[in-house]
Novice: 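Here it is, the structure, as structure tokens.
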Number of protein chains: 4
Amino acid sequence: MPDPSGTDRFFDVGLLDPLGQGSRAAELTGDSAWLQAMVDTELALTRALVDAGLAPGWMGAVCDDLADAGRLDLAAIAAEGQGGGNPVIPLVKHLAAAAESLRTGASDHLHVGATSQDILDTAAMLVAHRVTGEISARLGEYAATLAALADTHRGTAMAGRTLGQHASPTSFGFVVAGWLDMALTAIETIDRLRDRLPVQLGGAVGNLAVLHQIAALRGAGDPAHTVDLVLQRFAAGLGLSAPSIAWHTNRLPIVDLAAGLAAATGTVGAFALDVTVLARTEIAEVGERLGQGQGGSSAMPHKRNPVTAVLITAAARQTPGLVATLFGSLLAEDQRPSGAWHAEWPALRGLERLTVAAVAGGAALAGRLDVDPERMLANLEITDGLVCSERVTTLLAEALGKTAAFALVQRASAETFRTNRPLRVVLSGLLSADGHDEQLRAGVWAAFDLDPAQGGPGIDRVLDRFRGATHDPNPDAFPSTEAVRTSAP
Amino acid sequence: MPDPSGTDRFFDVGLLDPLGQGSRAAELTGDSAWLQAMVDTELALTRALVDAGLAPGWMGAVCDDLADAGRLDLAAIAAEGQGGGNPVIPLVKHLAAAAESLRTGASDHLHVGATSQDILDTAAMLVAHRVTGEISARLGEYAATLAALADTHRGTAMAGRTLGQHASPTSFGFVVAGWLDMALTAIETIDRLRDRLPVQLGGAVGNLAVLHQIAALRGAGDPAHTVDLVLQRFAAGLGLSAPSIAWHTNRLPIVDLAAGLAAATGTVGAFALDVTVLARTEIAEVGERLGQGQGGSSAMPHKRNPVTAVLITAAARQTPGLVATLFGSLLAEDQRPSGAWHAEWPALRGLERLTVAAVAGGAALAGRLDVDPERMLANLEITDGLVCSERVTTLLAEALGKTAAFALVQRASAETFRTNRPLRVVLSGLLSADGHDEQLRAGVWAAFDLDPAQGGPGIDRVLDRFRGATHDPNPDAFPSTEAVRTSAP
Amino acid sequence: MPDPSGTDRFFDVGLLDPLGQGSRAAELTGDSAWLQAMVDTELALTRALVDAGLAPGWMGAVCDDLADAGRLDLAAIAAEGQGGGNPVIPLVKHLAAAAESLRTGASDHLHVGATSQDILDTAAMLVAHRVTGEISARLGEYAATLAALADTHRGTAMAGRTLGQHASPTSFGFVVAGWLDMALTAIETIDRLRDRLPVQLGGAVGNLAVLHQIAALRGAGDPAHTVDLVLQRFAAGLGLSAPSIAWHTNRLPIVDLAAGLAAATGTVGAFALDVTVLARTEIAEVGERLGQGQGGSSAMPHKRNPVTAVLITAAARQTPGLVATLFGSLLAEDQRPSGAWHAEWPALRGLERLTVAAVAGGAALAGRLDVDPERMLANLEITDGLVCSERVTTLLAEALGKTAAFALVQRASAETFRTNRPLRVVLSGLLSADGHDEQLRAGVWAAFDLDPAQGGPGIDRVLDRFRGATHDPNPDAFPSTEAVRTSAP
Amino acid sequence: MPDPSGTDRFFDVGLLDPLGQGSRAAELTGDSAWLQAMVDTELALTRALVDAGLAPGWMGAVCDDLADAGRLDLAAIAAEGQGGGNPVIPLVKHLAAAAESLRTGASDHLHVGATSQDILDTAAMLVAHRVTGEISARLGEYAATLAALADTHRGTAMAGRTLGQHASPTSFGFVVAGWLDMALTAIETIDRLRDRLPVQLGGAVGNLAVLHQIAALRGAGDPAHTVDLVLQRFAAGLGLSAPSIAWHTNRLPIVDLAAGLAAATGTVGAFALDVTVLARTEIAEVGERLGQGQGGSSAMPHKRNPVTAVLITAAARQTPGLVATLFGSLLAEDQRPSGAWHAEWPALRGLERLTVAAVAGGAALAGRLDVDPERMLANLEITDGLVCSERVTTLLAEALGKTAAFALVQRASAETFRTNRPLRVVLSGLLSADGHDEQLRAGVWAAFDLDPAQGGPGIDRVLDRFRGATHDPNPDAFPSTEAVRTSAP
């Protein structure tokens with residue numbers, strides 16, 4: 001627990017982030033995680049120098065001993081970051097001191113040829129790599145749960161709603177298939193991003209001048225080749241990709257990542273929003289199964305709030321503004337900019353934190369859905385058949401033409417709306433009055449019987465897509481495969 | 001220091017927030033500050049009940065003993081917030097347990113008639129009250145420093161720049177007066193907001209039904225009057241105002257606050273951005289005086305970066321996205337919404353934190369400006385007189401008409417641009433060739449002499465405004481008066 | 001109709017803006033309106049010069065003849081704006097040509113001492129003045145309609161809803177009072193902004209150097225005094241206020257305006273969102289009364305969509321992003337910036353257009369609400385009494401203490417939820433089993449009877465506020481007074 | 001020209017959009033373009049029905065006759081869009097009337113099985129397909145120009161700048177390679193998006209129920225197969241892809257597009273921002289070559305503003321807010337939502353319009369860059385050698401160790417900063433005083449000689465990437481190939 005008398009009392013522990021509690025969001029994106037990623041980055045650079053013959057072999061063991069960022073004084077590094085405007089400058093000092101305590105001269109081989117932004121950007125990509133792995137895994141679980149639900153409920157009739165009004169019948173399975181299709185796209189996006197996260201290495205002005213200089217001074221062979229080797233080993237050591245050229249002021253990797261994260265949050269957000277609607281007291285078709293201590297109120301003992309759904313929705317409302325901040329930083333001038341870069345850090349971390357918590361919440365919520373098919377059927381009845389107007393119009397159009405059929409059903413619908421007499425009854429009467437034959441009237445009457453199977457082909461296409469994605473033989477291309485397989489029904 | 005083996009390692013300590021280090025930003029907006037504000041709110045409600053005769057008098061002493069939120073288990077409350085979706089529900093439990101340990105039955109008089117949102121919204125306003133007080137004070141210091149600079153440099157000639165190009169001469173004092181005028185408006189806005197921050201009190205659905213019921217059961221006299229007394233005492237006890245009606249889904253107080261905070265950050269941000277421009281190596285008219293360990297680089301030993309200016313600029317780039325999130329939450333449905341409210345917390349806290357740090361940075365930066373009048377004068381020379389084209393055109397227009405004068409100077413300017421011959425020389429030659437008399441040529445020649453005094457009336461108007469603001473006899477209306485008086489030159 | 005073969009076919013006529021159709025949004029904010037405001041600005045400046053003795057008296061008549069911007073070639077001015085990056089440069093040329101055709105030498109007295117930004121910023125404020133007048137009037141009508149509704153429905157019981165779930169009873173009148181209170185605040189904000197909209201006048205670098213120079217050359221008396229007179233007359237002629245100093249890079253007037261506009265849109269947006277919820281097929285407590293051709297669908301003849309409510313909601317979703325753009329432009333460097341200013345125009349116009357259309361829509365929607373008190377009562381019944389849990393807990397707390405009462409009702413609620421047995425029956429049984437006396441049981445039983453009057457004091461406070469605002473004797477401070485009086489019930 | 005007396009005067013003709021003038025932005029995104037895309041969509045659906053045997057063959061000729069949207073009354077359709085909340089409903093009526101005038105009964109085969117959103121979403125993708133084609137072509141031209149510049153200026157030494165301060169030497173060619181690398185990524189993104197733009201077809205609630213019903217009534221064979229054929233032909237007819245399932249409330253296609261557009265605008269925006277910096281009067285290393293009537297001022301005859309660069313920057317400042325709006329619409333509830341969808345239209349169109357204009361401007365600006373290598377060299381001199389501190393430190397580190405070298409150069413830099421004595425001189429003196437040998441001093445002295453070639457490998461990697469992209473044999477995958485080949489140096 002934080003020390004209430006010290007500076008710790010100003011730390012954030014998640015009081016305003018109920019969704020993040022218990023998810024890996026804080027662990028993967030907290031200050032400790034960032035510091036560890038910065039240390040990982042510095043050491044990967046040094047190891048790449050060793051590999052390229054630009055640093056002595058014994059630095060490998062020094063790197064091993066320096067690997068745990070937990071031994072560094074995080075709070076001091078944070079505090080000292082103000083002087084230079086970023087935490088890398090003090091980190092290098094602390095790390096150098098630790099290295100010297102291990103072996104004199106070791107600090108000469110740390111942070112060689114790098115600028116602060118090289119370290120922080122690469123660390124950001126490393127954090128992103130870990131975060132997107134988690135997101136992909138949670139989305140995979142979410143997708144697997146939805147796939148089972150879509151299949152189970154392919155015949156569960158339900159009112160389709162547009163602009164808040166009953167429109168035409170659909171099935172709950174079809175609605176779930178829509179959520180699933182979105183999830184599969186989001187997984188593809190996250191996995192594509194994850195495979196392309198680049199290291200940053202350019203030195204002060206991006207041209208790797210210092211590494212070239214050192215390669216010429218110390219290296220054997222073509223300096224350009226040696227530098228390229230450093231870059232490749234640096235990237236490989238971190239599991240990231242090597243870019244063509246430094247991207248200090250080319251922030252497309254950042255905005256791509258931001259867009260993908262917000263897309264993932266929005267994917268579970270759209271689902272959660274639907275849950276809040278379908279769980280409304282008057283609708284009650286779907287509910288969030290609540291555990292002990294969940295969904296309560298401080299004032300009302302009966303309250304059973306769909307609290308996870310609400311918190312996911314809240315997360316999805318916060319991402320667009322953060323995305324905007326990051327797109328704003330595309331306007332980065334010079335070789336490294338005066339503010340655009342610095343503005344990225346909290347927004348990117350915020351997006352990552354929200355997304356990890358949201359997809360974990362989404363997977364949990366999908367697994368705790370109470371579905372009430374009887375209530376769905378009951379709700380379908382409340383419009384006295386109006387919900388079938390499109391279907392019956394289509395049938396009538398075959399006999400009367402489209403325009404006349406539309407006008408007839410519109411007239412009948414208005415009467416049903418006014419009188420609450422069932423639309424099939426009203427229509428039957430109108431058709432009879434107009435002298436239409438019994439066969440047409442019987443067909444119209446039958447058209448009010450529900451046929452929830454009609455969305456089946458769409459469900460099947462999405463389930464095929466799900467199976468294709470989850471049976472991908474390449475585990476790197478789809479890292480959530482294990483999770484999906486394990487938890488699939 | 002956080003325990004590296006425990007959950008503390010996931011806490012944020014400011015690693016990605018170099019500007020906030022050493023400012024009161026974290027202290028005023030950290031989780032501890034929010035928890036304290038929630039406790040203050042709960043106890044103010046209980047005290048108001050006592051005042052209105054709806055709770056026993058001995059609860060006053062209980063409230064005194066419960067007042068320090070530092071005794072509560074912040075981390076546990078944060079963790080337990082997930083169940084109900086907000087931290088108030090666990091807070092009430094922890095506070096009730098503490099109260100019962102002081103006196104049996106005491107918990108019956110806590111959180112009476114309130115809903116979670118009443119407590120969290122009021123706490124948010126309390127945090128905002130403290131934050132805006134700090135902001136106003138720092139902006140007051142900033143303004144006082146600028147007032148002195150504007151006066152000192154009213155005669156310091158400088159190139160006015162538009163679209164990045166030299167335009168016409170101005171004075172540094174006039175430029176400073178522009179910054180100051182903006183600061184005075186920002187102070188007015190913050191102070192106006194601060195005076196109107198409302199408490200929230202409505203109960204579950206905003207209509208204060210439980211308090212009415214209790215007033216009818218326990219109170220003497222008209223229940224409506226008693227409830228109104230509770231509301232008034234609750235507001236007065238916290239130094240906030242009492243609204244006409246609950247604003248659970250009327251979020252105008254939040255967006256007003258957000259807009260004011262972002263305006264304050266943008267005010268110092270515009271100044272800081274100008275500093276980064278004027279400090280450019282090639283311009284070098286203004287610099288940030290750097291202390292030990294400031295402005296350095298991890299790669300380049302000569303670097304003297306205007307680091308505070310850069311970090312303030314970065315802060316101002318982050319606020320618009322957060323403002324957008326809060327405006328988005330105006331779309332809040334029902335009596336309390338499913339996500340819009342929850343989405344506000346991190347954005348509002350983020351805005352407050354950025355603004356406190358930015359205005360503290362702005363005040364510090366203004367006090368550490370190195371101004372180089374000689375360089376300003378030297379830069380004015382580099383366009384061979386083109387910077388005076390507007391002035392000389394105005395003079396020529398009296399003799400030649402506006403259109404002809406503009407065309408003549410445009411032609412002469414093109415020649416100067418091509419040949420680097422001084423514009424006054426080129427123009428003199430053209431006028432002579434066109435047969436104009438000596439008097440006109442002499443006047444034109446003299447028009448190239450700088451007259452930085454011409455912005456004086458504008459400077460004076462702004463300084464008058466500054467003095468009017470700072471000598472306001474009402475300390476409540478302008479809380480930063482002390483700070484300004486003390487530090488004014 | 002646009003010429004399908006010419007460039008006109010690329011113009012926007014509102015195809016993607018259904019809400020704006022028929023409102024004054026396009027008229028007040030279209031290109032013609034902006035051009036007229038720019039012409040008004042140029043001529044007001046010339047007239048101010050005449051008043052100050054810096055231009056000949058006959059220019060007054062020239063200004064009269066130039067006053068109609070409809071005679072200028074709008075399309076040509078737009079096209080020529082690319083060269084200098086803004087439409088003022090070609091406008092000045094076209095206006096000068098028109099002036100010369102009226103009287104030789106007249107063009108010498110146009111655009112004197114001004115820079116493009118002076119004209120465009122002032123024109124923007126003039127457009128804003130007209131737009132905010134319209135907004136205030138429409139919000140006034142909206143408020144008047146709500147005031148009548150709040151009073152009429154003060155006794156109309158309705159389920160209060162939080163997080164989408166029934167919470168506690170309220171009245172529809174109380175809900176309406178909440179919307180009204182928000183509207184009154186929005187009107188105050190818009191009117192305050194409207195009274196403070198400043199002209200812009202500074203010349204190339206803001207210091208009014210050219211006007212000072214001309215005043216010294218042509219004027220009698222103190223040049224500073226003469227320039228000040230020009231500024232005051234310029235402002236007065238346009239009905240705007242005179243600022244202390246140019247605000248070319250102090251964009252607080254713009255962000256204040258933006259925040260106020262978005263607040264107004266959000267105000268009607270929150271109302272419209274509630275209408276879309278309450279109009280849901282399963283809730284159906286409130287509907288949008290639809291005229292011929294409204295609310296239909298291209299596919300479903302029965303559809304009665306709350307289309308105005310939906311479009312207002314859509315408008316309110318668009319404003320936060322535009323607000324963010326404008327706050328971003330606070331970061332404006334130099335004496336006039338390289339892009340920040342240019343980025344403001346479409347965002348500001350977009351905000352104004354959305355807001356005019358939204359408040360007009362809001363006023364119309366409020367006047368076309370179908371309210372169904374019987375349905376409200378019926379919906380209150382569907383939770384078997386759970387909606388009264390807070391009320392009954394409060395009563396029980398008097399006898400059992402707060403904690404025990406909460407636990408008891410929570411237990412009873414769970415049983416009601418499981419069995420659908422009415423909560424009052426379940427509770428009565430539990431109390432009996434626990435040996436509580438008949439009086440308590442009778443009180444609990446009675447506590448389930450609705451008492452919608454309990455929100456009355458809040459309604460009255462808001463209605464008092466409404467009456468105070470609308471009976472304000474100063475028509476300037478509250479321009480919508482006429483509209484409100486006329487349409488008030 | 002618009003009719004000044006009619007409703008046309010409220011239309012927008014681009015007065016506030018100087019960058020868009022003359023670009024294809026308005027043509028591709030104007031109301032006429034949207035209406036045409038909607039008509040294209042309706043007719044493609046009908047043709048797909050014919051292909052699938054669900055509509056008579058003679059409808060093909062009717063579709064041919066209906067193909068020109070220019071014959072429809074755009075203004076009337078726009079005005080009538082208010083009733084249903086979107087322009088499709090009146091479009092269907094107008095189109096049906098036109099069809100009936102061609103052949104009785106023809107209207108029965110229009111808009112069959114579709115809902116308004118199917119038509120508008122597909123039309124939006126069609127507009128996007130055309131827009132992204134234009135963007136890719138313009139970015140291709142832009143890239144080709146940059147490729148030539150990068151190669152030409154690989155040896156043009158220039159000061160690398162970070163945080164606005166001279167940092168280390170680089171070459172202009174290397175800076176250009178950075179812009180080019182970003183452009184190549186942006187092209188990849190746009191082309192990837194373009195290849196995946198989906199049609200929308202689901203009917204009222206997304207499940208294609210009406211088409212299934214019609215296929216069962218009219219079709220031969222398996223209805224599911226027939227419906228799938230309609231979907232495939234519909235997509236193929238428009239050059240778009242067929243989705244697994246309707247995406248009425250899965251808005252990932254929209255946000256992907258939005259992110260890609262903003263990335264493209266930001267790509268040229270970052271370049272343009274650099275131009276505005278490098279064109280500053282004091283820097284003057286790069287300028288925008290201005291034509292007649294470009295870059296002028298209404299007040300200052302000498303002004304040569306980098307106006308295209310400024311307007312591109314302004315465009316890039318507007319995109320983040322629009323992106324935020326579109327990400328906000330991911331929160332779309334039900335089968336079609338109450339506002340989220342409607343909010344997308346202006347934001348998406350705005351993004352497209354800004355991006356087309358920005359990339360066209362970027363291509364033009366790149367082709368009109370004046371580069372001044374002499375000025376670059378001169379600017380490199382102004383820090384008395386400080387700009388070489390990193391290089392010399394690296395060299396000294398070989399002899400002294402990294403820490404000692406850094407400290408020595410830092411001390412020397414401070415002296416140079418204070419005294420303006422060249423750093424090489426100061427350092428040489430210090431080394432001499434410390435007793436270092438002549439060889440080291442000579443090496444240090446030589447290290448101040450510029451070696452702009454050091455960024456060469458990075459330039460080559462980017463040029464290779466450029467060549468790889470532009471020689472792609474698949475024209476569909478890289479539609480800008482022609483343009484690039486034509487204009488490549």
Side-chain angles (χ1 to χ4, degrees), chain C residues 1-2 4 9-16 18 21-22 26-27 30-32 34-35 70 73-75 78-79 81-89 92 111 115-116 203-204 276 293-294 296 298-300 307 310-311 313-314 317-318 321-322 324-325 328 338-340 342-343 345-347 349, chain D residues 1-2 4 9-16 18 21-22 26-27 30-32 34-35 70 73-75 78-79 81-89 92 111 115-116 203-204 276 293-294 296 298-300 307 310-311 313-314 317-318 321-322 324-325 328 338-340 342-343 345-347 349:
Chain C
M1 208 183 76
R9 65 180 312 195
F10 311 137
F11 295 177
D12 296 341
V13 302
L15 189 71
L16 302 183
Q21 306 296 330
E27 181 182 350
D31 279 354
S32 295
W34 275 77
L35 190 70
D73 186 342
L74 169 59
Q82 190 172 45
N86 72 62
V88 177
I89 301 176
V92 172
H111 197 68
T115 191
S116 299
T276 66
Q294 281 188 314
S298 68
M300 294 164 287
V307 65
V310 165
L311 292 175
T313 306
R317 295 179 82 123
Q318 297 173 61
L322 299 173
T325 298
S338 299
H342 305 75
W345 314 332
R349 192 224 310 250
Chain D
M1 208 185 75
R9 65 179 314 194
F10 312 136
F11 295 178
D12 295 341
V13 301
L15 188 72
L16 302 184
Q21 306 296 330
E27 182 182 349
D31 279 353
S32 296
W34 276 78
L35 190 70
D73 186 342
L74 169 59
Q82 191 173 43
N86 71 64
V88 177
I89 301 175
V92 172
H111 197 69
T115 191
S116 300
T276 65
Q294 282 188 313
S298 68
M300 294 165 287
V307 65
V310 165
L311 292 176
T313 306
R317 296 179 82 123
Q318 296 172 62
L322 298 173
T325 299
S338 300
H342 305 75
W345 315 332
R349 193 228 304 257

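In what follows, every chain begins at residue 1, and chains take the letters A, B, ... in the order their sequences are listed. Because the structure is a prediction, the values reported are computed rather than measured.
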Novice: Taking all heavy atoms of D:R317 and all of C:A343, pick out the closest pair and write down the distance.
Specialist: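 Taking every non-hydrogen atom into account, CB-CB, 3.8 Å.
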Novice: To the closest 0.5 Å, what do you measure between CG (C:L322) and CG (D:L322)?
Specialist: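 Result: 6.5 Å between the selected atoms.
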Novice: Nearest 0.5 Å, what's the CH2-CG distance between D:W34 and C:D12?
Specialist: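 That separation rounds to 11.0 Å.
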Novice: Provide the closest heavy-atom pair for D:Q318 versus C:T325 in the form atom of the first, atom of the second, distance.
Specialist: O-OG1, 3.9 Å
Novice: Which one, C:A204, C:P346, C:G328, leads in non-hydrogen pairs under 4.5 Å with chain D?
Specialist: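 Winner by heavy-atom pair count: C:P346.
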Novice: Has D:D31 got a side-chain atom pairing as donor or acceptor with C:G14's backbone, closer than 3.5 angstrom?
Specialist: yes
Novice: Pick whichever of C:G293, C:G85, C:G203 has the most heavy-atom pairs under 4.5 Å with chain D.
Specialist: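 Option with the greatest count: C:G85.
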Novice: Against chain C, label D:L311 side chain, backbone, both or neither, depending on which of its atoms sit under 4.5 Å from a heavy atom there.
Specialist: side chain
Novice: Considering only heavy atoms and a distance below 4.5 Å, find which of D:S116, D:G81, D:G83 pairs most often with chain C.
Specialist: D:G83
Novice: If you look at every heavy atom in D:A75 and C:V13, which pair is closest and at what distance?
Specialist: CA-CG2, 4.4 Å
Novice: If you count heavy-atom pairs under 4.5 Å between each of C:M300, C:R349, C:Q294 and chain D, which one has the most?
Specialist: C:R349
Novice: Return the option, out of C:A347, C:A324, C:P87, with the maximum number of heavy-atom pairs under 4.5 Å with chain D.
Specialist: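 If we count pairs closer than 4.5 Å to chain D, C:P87 comes out on top.
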Novice: Using non-hydrogen atoms and a 4.5 Å limit, figure out which bit of C:H111 sits close to chain D: side chain, backbone, both or neither.
Specialist: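 For C:H111, the side chain is the part near chain D, not the backbone.
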Novice: Could you look at D:V307 and say if it's the side chain, the backbone, both or neither that has a heavy atom under 4.5 Å from chain C?
Specialist: side chain
Novice: Please report the shortest heavy-atom distance between C:G339 and D:V310, naming the atom on each side.
Specialist: N-CG1, 3.6 Å
Novice: Tell me if a side-chain donor or acceptor on D:Q82 pairs with a main-chain N or O of C:Q21 at a distance below 3.5 Å.
Specialist: yes
